[in-house]
Amino acid sequence: MAAEIHPRPQTRKPVLLSKIEGFQDVVNTAVIIPKEDGVISVSQDRTIRVWLKRDSGQYWPSVFHTMPVACSCMSFNPETRRISVGLENGTVSEFVLSEDYNQMTPARTYQAHQVGVTVVLFVLEMEWVLSTGQDKSFTWHCSESGQQLGIYRTTAWVSGLQFDVETRHAFVGDHSGQVTILKLEQDNCSLVTTFKGHTGNVTALCWDPVQRVLFSGSSDHSIIMWDIGGRKGTAIELQGHNDKVQGLCYAPHTRQLISCGSDGGIVIWNMDVTRQETPEWLDSDSCQKCEQPFFWNFKQMWDSKKIGLRQHHCRKCGQAVCGKCSSKRSTIPLMGFEFEVRVCDSCHGSITDEERAPTATFHDSKHSIIHMQYEPTRGWLLTSGTDKIIKLWDMTPVVS
């Protein structure tokens, strides 16, 4: 009789606090109301809802408002209680919530885009409403006058947006995998730079104004940390998801990055370690270890009378190697590889147990995440999934 194996449980993990259900379609964006037991949601089912926690412990809608078309995104400013909702017809509609969160008053509508709005941000310090759309444009409006202040055309559908108040820099991520940095003025903008490290769409952006670091997530399953403030072009890659990254949030007080993905994973990354850039892959016509020719190197194959081999690359040193010389796998957490990857035999022998120590923890949300939001004062995380359910998590056991 075989002994029953009990896997050792992870002692520290997110605690599921509540589920909010009852949507007819997926919730595209939702936010936790700071200092309140409440949540604001906008959904593909055209509804804007404000959920307040009742004495029963359940969340019930105190506001239920139906829009003419699907709601694609939202921004909420707690100080002014202003909600900016992006719609699939290209408009941004603004509302103001009452102090008790039981009423919602229409304030203004912006004709921001030709088609669906993908991200909207309200910047209180500037009195600006920033938005991006499927029409390959980034626009900003004056929230006091309602006038459009400027527009910037991108080469691809824009899917990510962050803004730095101090420098007035907008970070715009698009479906080509490129991130564009723009310097915004009151009525114009200038291109600062562009950079590209993803092979898929940019699906999430997160800006830390203290460390001056930008995190980008992608449909290629990867996260890249761009050291903007260091001015050395450093880009650190993080590999911890099996599907596209859907949300990113940085907790500066603990120097931890939270990422969520379509794979249902909630990953907590320790960024208080010295990480290394992944090497560029080297080009070669033959294995850089045993010198066997690769299959396109006809001359060496003919001269040596050997069959050409398939090319691989060592993730640690970047050398071009054959399968025989890279038969081993290893994690390299300080390079961002939390899963085992291909390494050449010589690098495998040089990686110590200390270097294999994980720098991230992995948790299963039990639903395919399409949106996340972290509320740092309480340490709560909100996830919205393809199952049309919002989940609220206490992250203090793992973000501390």
Side-chain angles (χ1 to χ4, degrees), residues 7-23 26-43 49-54 56-61 73-76 78 101 203-206 208 215 217 221 223 238 240-272 338 358-400:
R8 185 178 177 182
Q10 230 173 329
T11 53
R12 302 174 71 183
K13 61 181 182 179
V15 178
L16 180 61
L17 299 172
S18 298
K19 290 183 182 180
I20 301 176
E21 302 175 276
F23 298 96
V26 295
V27 177
N28 288 319
T29 310
V31 296
I32 299 166
I33 304 173
K35 302 176 183 178
E36 295 282 344
D37 278 328
V39 169
I40 305 169
S41 66
V42 299
S43 171
R49 307 187 203 192
V50 180
W51 304 82
L52 296 180
K53 192 174 184 179
R54 307 304 184 186
S56 64
Q58 299 295 313
Y59 285 84
W60 290 90
C73 55
M74 171 191 52
S75 175
F76 172 62
Y101 292 97
T203 51
L205 289 178
C206 175
D208 173 33
F215 298 94
H221 311 176
I223 300 164
L238 305 174
H241 287 278
N242 293 310
D243 206 333
K244 64 180 175 181
V245 179
Q246 294 282 46
L248 296 168
C249 182
Y250 185 66
H253 58 294
T254 60
R255 298 201 67 182
Q256 289 171 291
L257 177 71
I258 306 169
S259 64
C260 295
S262 295
D263 56 2
I266 301 173
V267 185
I268 316 299
W269 304 85
N270 177 13
M271 303 309 296
D272 197 22
E338 294 288 339
T359 61
T361 59
F362 298 82
H363 312 278
D364 187 5
S365 70
K366 304 293 185 185
H367 66 167
S368 178
I369 297 171
I370 59 174
H371 168 77
M372 66 159 277
Q373 186 246 343
Y374 179 64
E375 206 283 291
T377 55
R378 278 177 290 183
W380 285 16
L381 179 75
L382 177 151
T383 60
S384 166
T386 55
D387 55 3
K388 307 172 191 174
I389 295 174
I390 293 173
K391 295 183 180 182
L392 294 173
W393 307 84
D394 179 6
M395 299 298 288
T396 54
V398 289
V399 181
S400 60

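Residues: numbered from 1 along the sequence shown. Note that the structure is predicted; figures quoted are calculated from it, not measured.
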Which atom names give the shortest non-hydrogen contact between [X] and [Y], and what distance separates them?
{"X": "Ile369", "Y": "Gly265", "value": "CD1-O, 4.1 Å"}
{"X": "Tyr250", "Y": "Asp208", "value": "CE2-OD2, 3.3 Å"}
{"X": "Met271", "Y": "Phe215", "value": "CE-CE2, 4.0 Å"}
{"X": "Arg12", "Y": "Val398", "value": "O-CG1, 3.6 Å"}
{"X": "Gly240", "Y": "Phe362", "value": "O-CE2, 3.3 Å"}

field: Spacing of CG belonging to Asp387 relative to NZ belonging to Lys366, to within rounding of 0.5 Å
entry: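 The CG atom of Asp387 sits 12.5 Å away from the NZ atom of Lys366.
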- prompt: Between atom CE of Met372 and atom OG of Ser259, what is the distance when rounded to the nearest 0.5 Å?
  reply: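 Between Met372 CE and Ser259 OG, I get 8.0 Å after rounding to 0.5 Å.
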Is there side-chain contact between [X] and [Y], with at least one heavy-atom pair below 4.5 Å?
{"X": "Tyr374", "Y": "Met395", "result": "yes"}
{"X": "Pro34", "Y": "Phe76", "result": "yes"}
{"X": "Thr377", "Y": "Lys35", "result": "no"}
{"X": "Ile258", "Y": "Val267", "result": "no"}
{"X": "Lys391", "Y": "Ser18", "result": "no"}
{"X": "Gln373", "Y": "Leu381", "result": "no"}
{"X": "Thr386", "Y": "Lys388", "result": "no"}
{"X": "Pro397", "Y": "Val15", "result": "yes"}

- prompt: Under the 3.5 angstrom rule, does the side chain of Thr203 hit a backbone N or O of Val245 as a donor-acceptor pair?
  reply: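 The answer is yes, because a donor-acceptor pair under 3.5 Å joins these two groups.
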Got a sec, which residues hit salt bridge (charged side-chain N to carboxylate O under 4.0 Å, His left out) with [X], two or more places apart in sequence or on another chain?
{"X": "Glu338", "answer": "none"}
{"X": "Lys19", "answer": "none"}
{"X": "Asp37", "answer": "Arg378"}

- prompt: Of all residues at least two apart in sequence or in a different chain, which pass the side-chain contact (heavy atoms from CB on, under 4.5 Å) check with Ala30?
  reply: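 side-chain contact (heavy atoms from CB on, under 4.5 Å) check on Ala30 returns Val27, Val39, Ser41, Leu382, Ile390.
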task: Report the residues that fulfil side-chain contact (heavy atoms from CB on, under 4.5 Å) with Ser262, sequence neighbours left out, ordered by chain and then residue number.
output: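 With sequence neighbours excluded, Ser262 shows a side-chain contact (heavy atoms from CB on, under 4.5 Å) to Asp243, Lys244, Gln246, Ser368, given in chain and number order.
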- prompt: How about Tyr101 and Trp60: are their ring centres within less than 6.0 Å of each other?
  reply: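 No, they do not, as the ring centres are separated by 6.0 Å or more.
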Ignoring hydrogens and geometry beyond distance, is a side-chain donor-acceptor pair present between [X] and [Y] at under 3.5 Å?
{"X": "Ser365", "Y": "His363", "value": "no"}
{"X": "Thr383", "Y": "His367", "value": "yes"}
{"X": "Gln58", "Y": "Ser56", "value": "no"}

query: Partners of Asn270 by side-chain hydrogen bond (donor to acceptor under 3.5 Å, both in side chains), sequence neighbours excluded?
result: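 Here no residue qualifies.
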